[in-house]
2 protein chains.
Amino acid sequence: MSEEEPLGADDIMDAVYQALRDNGYAELTMQDIADECDKSTSLLHYHYDTKEDLLVAFLDQMLADYEEKMECRADQPPVDRLVEFVARFVFAPDDTERASFHLALLEMRSQGPFNDRIRTSLRRSDELLRDTLEETLEDGIDDGVLKPVDTEATAALFVAMLDGARTRQVTLNEGGDDEVGYTRTVAEQALERLVDPLLEDGVDRPSLDDALESIHD
Amino acid sequence: MSEEEPLGADDIMDAVYQALRDNGYAELTMQDIADECDKSTSLLHYHYDTKEDLLVAFLDQMLADYEEKMECRADQPPVDRLVEFVARFVFAPDDTERASFHLALLEMRSQGPFNDRIRTSLRRSDELLRDTLEETLEDGIDDGVLKPVDTEATAALFVAMLDGARTRQVTLNEGGDDEVGYTRTVAEQALERLVDPLLEDGVDRPSLDDALESIHD
DNA sequence: GCTCATTGACTGAGTGGTCAGTCAAGCAGC
DNA sequence: GCTGCTTGACTGACCACTCAGTCAATGAGC
């Protein structure tokens, strides 16, 4: 109530998020966003000159939020952070909210090459993700809990794998069978086949389940 | 020239391919496709009732082509096929043709959840891809050149990884530096960190470079 | 403490442009 | 003269964006 920001700004960002989830990016109209916050499209244009401006503002805010969240975790042990990083990609097959939002993000990513400003925003978020993981790996090596490896290539491998798994889950997910979710299968494989061989002798890592619980804060 | 199909059908399919590459999926109009084959949009509607019909036909043809290509390779040794499978994802950073087409495919994938027919087509192609790899792994295990593993989970891991890497390369690729391409980095890591530990003692595998050459036929 | 100018938030009714799809007519080959 | 392919002109829907104006709050001058 006593914010500095123009009172409606956050409402609009929330509306963009909801509208993206409900309609996807390709089908997203200014009207959808306006409906979501019970305002007129004219108001959106009053605050943001163009639809693109609005979406770029939304991406930038998302990026800032993620950045903040990552900083809080920097004091945890590297191996915990590594498993947590993997776990952060996993979501239940029936979590349609998250699937829908990530689907919209994927749509935006595929528009990156056609739009400089969107691409710039997305590239920054990609860098943030990989840098976070790279730092975690470096910390682990420095602390003597991880075997020395090419941290850049390893980070690339992890991110590609988890991201690819999520892409499949959000685009092809077969309704809600009893299956556990594609990303989760891949995440478990990643831990066994890539993380475990990296641990120095005698070092243990948390299970995926433990990590999943610890990120629900 | 002496096909059963209506003579113009292949021309139209080619035009769809070109138009997808040049315009992307989101921006693709019937006019773009018509221009590409120097015909009118009315003609497209004469052959295909709706734009969706046309695109589904295009996807189905692509799938059939890929299926045919895979069958030709079924007699190669499993380890060669495995490395070839990985190599097939790799493309040079300056191969903008391929990048553009895969980008359009990614756009279509992100539309899958909103379109039953597109999703069905894409799901079939996803299954084909993973089944191919799974069979290769099973053959390798049967032949005693690969250590026994959960072939389904392993195939999932490989496909997720390569697909994720390609997604990044086509959406965020930084012009043509001297870099070697993100997918290639990841592919090399995949061979060292995932394939090599799978080989039975004394079994060698072709290098990525060899495989890259052998698929240029 | 009343008046009046100013501003910021907000709206409804357009406008112009784009695009998938329709339709009636032209025209080749048989 | 019929069949199948092809066309240009047209239509109706949709959508980002504009514009002229309303309304409430703020604040200066008296």
Side-chain angles (χ1 to χ4, degrees), chain A residues 1-59 61 104 107-108 110-111 114-118, chain B residues 1-59 104 107-108 110-111 114-118 121:
Chain A
M1 293 289 179
S2 56
E3 312 270 324
E4 280 90 324
E5 297 234 26
L7 218 37
D10 275 346
D11 294 344
I12 295 180
M13 291 294 108
D14 286 352
V16 174
Y17 177 79
Q18 304 264 357
L20 271 175
R21 264 188 7 199
D22 295 350
N23 305 89
Y25 171 76
E27 296 285 291
L28 183 72
T29 69
M30 292 296 269
Q31 191 62 57
D32 294 330
I33 301 172
D35 288 349
E36 210 68 59
C37 55
D38 288 313
K39 294 288 156 59
S40 67
T41 60
S42 314
L43 178 69
L44 301 179
H45 283 291
Y46 172 76
H47 285 295
Y48 303 89
D49 278 355
T50 65
K51 187 182 177 185
E52 188 186 311
D53 284 344
L54 175 53
L55 289 169
V56 170
F58 174 75
L59 280 180
Q61 195 207 263
E107 291 182 78
M108 292 185 88
S110 73
Q111 293 311 306
F114 305 107
N115 186 310
D116 287 350
R117 297 169 64 202
I118 289 184
Chain B
M1 292 291 180
S2 57
E3 310 272 324
E4 280 89 321
E5 298 234 26
L7 214 39
D10 275 346
D11 294 343
I12 295 180
M13 291 293 107
D14 287 350
V16 173
Y17 177 79
Q18 304 265 356
L20 271 175
R21 263 189 6 201
D22 295 350
N23 305 90
Y25 170 78
E27 296 286 289
L28 184 72
T29 68
M30 293 295 270
Q31 191 63 56
D32 294 330
I33 301 171
D35 288 349
E36 210 68 58
C37 55
D38 287 314
K39 294 288 157 59
S40 66
T41 59
S42 314
L43 180 69
L44 301 179
H45 282 292
Y46 174 77
H47 286 295
Y48 302 90
D49 279 356
T50 66
K51 187 183 178 185
E52 187 185 312
D53 284 345
L54 175 53
L55 289 168
V56 170
F58 173 75
L59 280 180
E107 289 183 79
M108 291 185 87
S110 73
Q111 292 313 305
F114 304 107
N115 185 312
D116 287 349
R117 296 169 64 203
I118 289 184
S121 241

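Model, not experiment: these values are computed from the prediction. Order of the sequence lines sets the chain letters (A, B, ...), proteins ahead of strands, with each chain counted from 1.
- When the C1' atoms of four end pairs are superposed on the next four at each end of the helix from C/dG1-D/dC30 to C/dC30-D/dG1, using five pairs per end, the two resulting axes differ in direction by 20°, to 10°.
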Discussion item. The test is side chain to side chain contact (heavy atoms under 4.5 Å, CB included); show your working for A/D11 and A/M13 and say whether it passes.
Written reply: CA-CA 6 Å; A/D11 294 344; A/M13 291 294 108; over 6 Å; no
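- Between the B/D32 side chain and the B/T29 main chain, a donor and an acceptor come within less than 3.5 Å of each other.
- Closest to the B/T29 side chain, of the nucleotides C/dT11, D/dA16, C/dC19, is C/dC19.
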Under 3.5 Å, N/O pairs linking protein and nucleotides 8-12 of chain D:
| residue | atom | partner | partner atom | Å |
| --- | --- | --- | --- | --- |
| D/dG8 | N7 | B/S42 | OG | 3.4 |
| D/dG8 | O6 | B/S42 | OG | 2.3 |

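- Other residues, nucleotides and ligands place more than 12 heavy atoms under 6.0 Å from the CD atom of A/E52.
- Going from atom CE of A/M30 over to atom P of D/dC15 covers 13 Å, rounded to whole Å.
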Please tabulate, one pair per line, each protein N/O and nucleotide N/O from nucleotides 26-30 of chain C that are separated by under 3.5 Å, including the distance.
none

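- B/L28 comes within 4.0 angstrom of sugar-phosphate atoms only, judged by non-hydrogen atoms across all strands, and of no base.
- A/E107 contributes a side-chain N or O that, together with a main-chain N or O of A/A26, makes up a donor-acceptor pair within less than 3.5 Å.
- Contacts of residues 19-27 of chain B with DNA chain D (heavy atom under 4.0 Å): none.
- Counting to the nearest Å, the C1' atom of D/dT6 and the CG atom of B/D38 are 14 Å from each other.
- No side-chain heavy atom of B/L55 sits under 4.5 Å from any side-chain heavy atom of B/Y48.
- Between A/D53 and A/H47 the shortest side-chain heavy-atom distance does not fall below 4.5 Å.
- For A/Y46, counting side-chain heavy atoms from C-beta on, the closest listed nucleotide (D/dC15, C/dG8, C/dA20) is C/dG8.
- The closest donor-acceptor contact from the side chain of B/D22 to the backbone of B/A19 lies at 3.5 Å or more, if one exists at all.
- Only B/T50, B/K51, listed by number, bring a heavy atom of residues 49-57 of chain B to less than 4.0 angstrom from any atom of DNA chain C.
- Using a distance-only test at 3.5 Å, with no hydrogens or angles considered, no donor-acceptor pair links the side chain of B/S121 to the main chain of B/I118.
- Contacts classified as ring pair (Phe, Tyr, Trp, His ring centres under 6.0 Å) and involving residues 18-45 of chain A (residues at least two apart or in different chains) are not found.
- Checking side-chain atoms of A/K39 against main-chain N and O of A/I12 turns up no donor-acceptor pair under 3.5 Å.
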Discussion item. side-chain hydrogen bond (donor to acceptor under 3.5 Å, both in side chains) for B/D35 and B/Q31? Distances and angles first, verdict last.
Written reply: CA-CA 6 Å; B/D35 288 349; B/Q31 191 63 56; 3.0 Å; yes
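- As rounded to whole Å, 15 Å separates atom P of D/dC15 from atom CG of A/L44.
- A/H45 has its NE2 atom 7 Å from the P atom of D/dT18, to the nearest Å.
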